[in-house]
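The structure appears right after this line, and notes come after that.
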Amino acid sequence: MQIKEPVKILDVPIHPFTMDEAVSALENSIQNGTQAFVVTANAEIIMMCQQDNEYKKIVSQSAEIVLPDGAGAVWAGRHLGYKIPERVAGFDLYCQLLNKAAKKGYKVYFFGGSPGIAEAAKAKSEELYPGVQIVGCRNGYFKEEESSQIIAEINASGADILFAALGAPKQEKWLEKYRSQLNQKVLMGIGGSFDVFAGKMERAPKWMQDASLEWMFRLYKQPSRFMRMMALPKFVLKVVFCGKKA
Ligand code: UDP
């Protein structure tokens, strides 16, 4: 896999890929039979890495591709003087990969969300991307000791791509812990993306995404995220006062 040199935002490496470059790097992995663990790092994830060394190590050392997800990550990279061509949001990459999967016949497994959500997301994917093969679904509520059974089911499905929607950092920690036992060539945490496809959660309208206001929409829809979202202003302050180009 050809990897662009990462830039560092608050000591977290970010690969300044465009969406097309990210999709083609992941397709290369599928075609070459090498495994790629991809993290879409938004400001919240970069801030989690400041406090959680285990998570930082996973994002910095285990993931093959770390993408700038969200306006905050793109702004921070540019503020520090790096060329960040565009935002590569996890949800958009998930959609792009489903589209490719439908066209090229890659098989996909949906792991995560409340019971029934992955199945509803599968139905929506089949409607949006005719021909896409979602070869298995499993909800994201399980006991740690069930992991080996879950891995066996995922591997038996013959999937090439595994989307894990367990929320950050749980999804990356689970994928890292078990990646050597997982046969899929693309491993990716996608947070609440199945909830969006299942109609349980709305995505911000395009104009809000373009105006970098997606965070405001999420806060309006899920006020319970207020404390988590306090990471965003802290992120901005940290980048402005402590950030430096590596
Ligand atoms: N979830 C899960 N198992 C868990 C905790 C969460 O499957 O043990 C799911 C939850 O149902 C939701 C998603 O993970 O669908 C988390 O969505 P969120 O938008 O919070 O993702 P984040 O912003 O953390 O990436």
Side-chain angles (χ1 to χ4, degrees), residues 12 14 37-52 54-56 58-59 63 65-73 87-95 97-98 108-125 134 136-147 149-151 153-154 162-178 182 187-204 208-209 213-232 234-235:
V12 174
I14 303 286
F37 174 21
V38 53
V39 175
T40 54
N42 57 18
E44 221 176 308
I45 288 182
I46 297 171
M47 284 307 274
M48 282 179 200
C49 289
Q50 310 302 303
Q51 277 153 13
D52 180 342
E54 182 202 346
Y55 194 40
K56 185 174 176 186
I58 292 170
V59 177
I65 304 183
V66 185
L67 297 164
D69 180 353
R87 180 173 74 117
V88 185
F91 180 79
D92 295 333
L93 181 55
Y94 155 78
C95 294
L97 288 172
L98 286 175
V108 185
Y109 196 98
F110 279 4
F111 172 39
S114 308
I117 290 291
E119 287 79 2
K122 170 178 152 77
K124 185 72 184 175
S125 306
I134 314 293
C137 294
R138 170 70 167 82
N139 75 68
Y141 292 86
F142 59 96
K143 295 197 187 83
E144 183 53 33
E145 57 267 29
E146 291 176 88
S147 288
Q149 178 60 30
I150 294 172
I151 293 163
E153 279 166 29
I154 296 171
L162 171 60
F163 289 121
L166 309 174
K170 186 173 179 179
Q171 57 202 14
E172 283 81 20
K173 289 186 176 179
W174 192 88
L175 289 169
E176 156 59 23
K177 186 167 180 189
Y178 297 112
L182 289 161
L187 308 176
M188 177 175 164
I190 55 162
S193 301
F194 295 156
D195 292 324
V196 176
F197 265 30
K200 192 179 153 193
M201 198 170 78
E202 262 177 272
R203 200 161 183 228
M208 282 188 105
Q209 292 177 41
L213 292 174
E214 199 159 6
W215 61 272
M216 195 189 272
F217 182 83
R218 275 198 110 174
L219 189 58
Y220 165 66
K221 287 284 174 185
Q222 294 173 279
S224 59
R225 294 180 78 95
F226 180 77
M227 284 317 289
R228 275 184 64 177
M229 290 186 79
M230 285 308 287
L232 303 183
K234 287 186 194 155
F235 172 75

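Computed from heavy atoms alone, side chains included, the values below leave out hydrogens, waters and symmetry copies. Numbering of ligands and ligand atoms starts at 1, following listing order.
- Between Tyr141 and ligand 1, at least one pair of N/O atoms sits closer than 3.5 Å.
- Applying the 4.0 Å criterion to heavy atoms of Asp195 picks out, from ligand 1, the atoms 12 (C), 15 (O).
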Is there a ring-ring contact (aromatic ring centres under 6.0 Å, His included) between Phe91 and Phe197? Walk through the geometry before answering. CA-CA 10 Å; Phe91 180 79; Phe197 265 30; 5.7 Å; yes
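- The closest approach between any non-hydrogen atom of Arg228 and ligand 1 is below 4.0 Å.
- Protein heavy atom in closest approach to atom 19 (O) of ligand 1: Arg218 NH2, 2.7 Å.
- Using bins of under 30°, 30° to 60° and over 60° for the plane-to-plane angle, the ring pair Phe110/Tyr94 lands in the tilted bin.
- Here the shortest heavy-atom pairing between Thr40 and Ile45 reads O-CD1, 3.3 Å.
- Residues Asp92 and Val88 form no side-chain contact, since every pair of their non-hydrogen atoms from C-beta on lies 4.5 Å or further apart.
- Residue Gly140 holds the heavy atom nearest to atom 3 (N) of ligand 1 of all those in Ser193, Gly140, Ala121, Gly189.
- In this structure, Phe235 and Gly72 approach most closely via the heavy-atom pair CE2-O, 3.4 Å.
- Every atom of ligand 1 with a heavy atom of Lys170 under 4.0 Å away is listed here by number and element: 4 (C), 8 (O).
- Contacts between Glu44 and ligand 1 below 4.0 angstrom, taking non-hydrogen atoms only, are absent altogether.
- Every atom of ligand 1 is numbered from 1 in the order shown, and the set under 4.0 Å from a heavy atom of Ala165 is 1 (N), 2 (C), 7 (O), 9 (C), 13 (C), 14 (O).
- Phe111 pairs with exactly one of Trp174, Tyr141, Phe163 by the ring pair (Phe, Tyr, Trp, His ring centres under 6.0 Å) rule, that one being Trp174.
- If you number the atoms of ligand 1 from 1 as listed, the ones under 4.0 Å from a heavy atom of Gly192 come out as 17 (O), 18 (P), 19 (O), 21 (O).
- Of the N or O atoms in Met201, none lie within a sub-3.5 Å distance of an N or O in ligand 1.
- For ligand 1, the atoms sitting less than 4.0 Å from at least one non-hydrogen atom of Ser114 are 11 (O), numbered in the order shown with element in parentheses.
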Could you pull out all donor-acceptor pairs under 3.5 Å where a side-chain atom in residues 218-230 meets a protein atom, sequence neighbours excluded?
unit_1: Lys221; atom_1: NZ; unit_2: Glu202; atom_2: OE1; d: 2.8
unit_1: Arg228; atom_1: NE; unit_2: Glu44; atom_2: OE2; d: 2.7
unit_1: Arg228; atom_1: NH2; unit_2: Glu44; atom_2: OE2; d: 2.7

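- When side chains are defined from C-beta on, Leu97 does not count as touching Val108, because their heavy atoms never get closer than 4.5 Å.
- With rounding to the nearest 0.5 angstrom, the CD atom of Glu172 is 11.0 Å from the CG atom of Leu187.
- The protein non-hydrogen atom at the shortest distance from atom 20 (O) of ligand 1 is Arg225 NH1, 3.3 Å.
- With a 4.0 Å heavy-atom cut-off, ligand 1 is reached by the backbone of Leu166 and by its side chain too.
- The protein heavy-atom contact nearest to atom 13 (C) of ligand 1 is Gly191 O, 3.6 Å.
- Shortest contact from atom 7 (O) of ligand 1 to any protein heavy atom: Gly113 N, 2.8 Å.
- Remark: of the listed residues Lys170, Lys173, Lys177, Lys173 is the sole one forming a salt bridge (Lys or Arg N to Asp or Glu O under 4.0 Å) with Glu54.
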